[in-house]
Enquirer: 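This is the structure, below, for whatever I ask next.
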Protein chains: 2
Amino acid sequence: MLAVSTSPYAGHMLTRRYHHGDLRATLLVAAEEMLREKGVAALSLRELARATGVSHAAPSRHFKDKQALLDALALVGLERMAGILEGASAPDGASLHERFTTLARAYLDFAVHNAELLELVFARKHDPDVSDQLSAAGERMVLTIVRPITDAQAAGELVEGDPWSIGLALGASLHGIAAFTANGTLSPEAAIASVDEVVKHLLYGLIPR
Amino acid sequence: MLAVSTSPYAGHMLTRRYHHGDLRATLLVAAEEMLREKGVAALSLRELARATGVSHAAPSRHFKDKQALLDALALVGLERMAGILEGASAPDGASLHERFTTLARAYLDFAVHNAELLELVFARKHDPDVSDQLSAAGERMVLTIVRPITDAQAAGELVEGDPWSIGLALGASLHGIAAFTANGTLSPEAAIASVDEVVKHLLYGLIPR
DNA sequence: ACCTGAACACCGTTCAAGT
DNA sequence: ACCTGAACACCGTTCAAGT
């Protein structure tokens, strides 16, 4: 577990860190693991320290309190999700329906496999320290939903109207299905099937044409 | 605080309870208050006992552990919500659009004013003890959404298709907006405005007619 | 700079004992 | 039947002290 790294203040000098090459990163990885296994409520700093082989007071050097760790975890999750959604594009020449279904499935797939992490992302209170980075990542994520909408509107394929409002309609549906999956109302399989149905209903409407 | 009540085993005998007429009910009321003020994470059994003027071990006579209290609270919340939705009907002769908007606003209104309680209702794990009552109340609630759908389908006002699937589309949208409001993404006012927009989009569809 | 060990004030849960 | 008081094993946070 001992790592050799260059000192931050003397590039030519080799120095041994006390216990870890990067305790902060190690803690974040272990915390995400614990989060996935046992949920937020059961995530304890002391147990995390034990699992990392470090004293219970050590994490406080990197995270001023438990909330700071959760915030950092939320940031990791949000940035990862934004990246995934940015990379989730339907094949060239795909129809509007296909493009939205692809996006929706990517969202739901992430939500199903990272339920606890996603809950953290959407949690009520974050320290102001990370809130700037969180909103930046949040904006990236929201844009992956809003941009396809403005594009489709420009092509006359979608109704006119505030694209943010339309994005909210889509985002709320996806978030709702994700929540129903996270709490067991919907099985993961049922959720995947549902998301296609919901996108269809949203695109074509519930009132007969 | 001393209450006089009939003993459960001798109707003709007056008896004084030790401290409370009904500690269980008192605890539930105080717990909901604490939940609303400070959130689930800050709800402590010991503080609850202090606020109720009882020893910290007393609640365990009525709730075997903290989860049992949260479950009981969830049941209260779900039954109240089911009652509210059952009572939320648009005036006679209201259009389909008006009927669904009325229902959606009632859901959102409850969600905004009982955010923490609703979170408990939709929480991941409940003890099997209450799960029967919870599913009964849950079914009542779901029916307030599904019944208007089957009614409208019978009248030819709504597309054919599994009413549960259509109900899920509506329910997921509402739940999503409620979640965005609970976590501060949407202000309560914006949420009320959004819900009307979302219902409109869902009814008429995002693809131009 | 980074971590340890002890200390403090809180938890939830259990259990003999009181009324 | 209902509640108390003490005890136990856990927390998160802080802080002097070690390397």
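Sequence lines set the chain letters: A, B, ... in the order given, protein chains first and strands last, and positions in each chain run from 1.
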Enquirer: Counting side-chain heavy atoms from C-beta on, which of D:dC3, C:dT13, D:dT14 comes nearest to B:L45?
Expert: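 Selected nucleotide: C:dT13.
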Enquirer: Starting from C1' on C:dA9, measure out to CZ on B:R46 and report it in whole angstrom.
Expert: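 The answer, rounded to whole Å, is 11 Å.
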Enquirer: Both A:R50 and A:R61 contact DNA chain D. Taking the nearest nucleotide for each, which residue is further toward the 5' end?
Expert: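 By nearest-heavy-atom nucleotide position, the 5'-most residue is A:R50.
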Enquirer: Round to the nearest Å and state the distance from A:H62 atom NE2 to D:dT13 atom P.
Expert: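 For the pair A:H62 NE2 and D:dT13 P, the rounded distance is 16 Å.
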Enquirer: A:H56 NE2 to D:dC11 P: how many Å, rounded?
Expert: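 So the two atoms are 11 Å apart, to the nearest Å.
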Enquirer: Starting at CG of B:L43 and ending at P of C:dC11, how long is that distance when rounded to a whole Å?
Expert: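 In whole Å, C:dC11 P lies 11 Å from B:L43 CG.
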Enquirer: Return the 5'-most residue of the pair A:S60, B:S60 with respect to DNA chain D, ranking by each residue's nearest nucleotide.
Expert: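 Between the two, 5'-proximity favours B:S60.
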Enquirer: Considering only heavy atoms, which members of residues 65-77 of chain A lie under 4.0 Å from some atom of DNA chain D?
Expert: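 The stretch gives A:D65, A:K66 as the residues lying under 4.0 Å from the strand, ordered by number.
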Enquirer: Return one dot-bracket line describing DNA chain D 5' to 3' (Watson-Crick or G-U wobble pairs, both distances under 3.5 Å; ( ) same strand, [ ] crossing, | another strand, . none).
Expert: ||.|||||...|||||.||
Enquirer: Would you kindly give the CZ-to-P distance between B:F63 and D:dC2, to the nearest whole Å?
Expert: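 Going from CZ in B:F63 over to P in D:dC2 covers 13 Å.
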Enquirer: Starting the side chain at C-beta, find the nucleotide from D:dC3, C:dC11, D:dG5 nearest to B:L23.
Expert: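 So the side chain of B:L23 is nearest to D:dC3.
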Enquirer: Is the phosphate of C:dC3 approached by A:S55 (side-chain N or O, under 4.0 Å from OP1 or OP2)?
Expert: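 No, because none of the side-chain N or O atoms of A:S55 sits under 4.0 Å from OP1 or OP2 of C:dC3.
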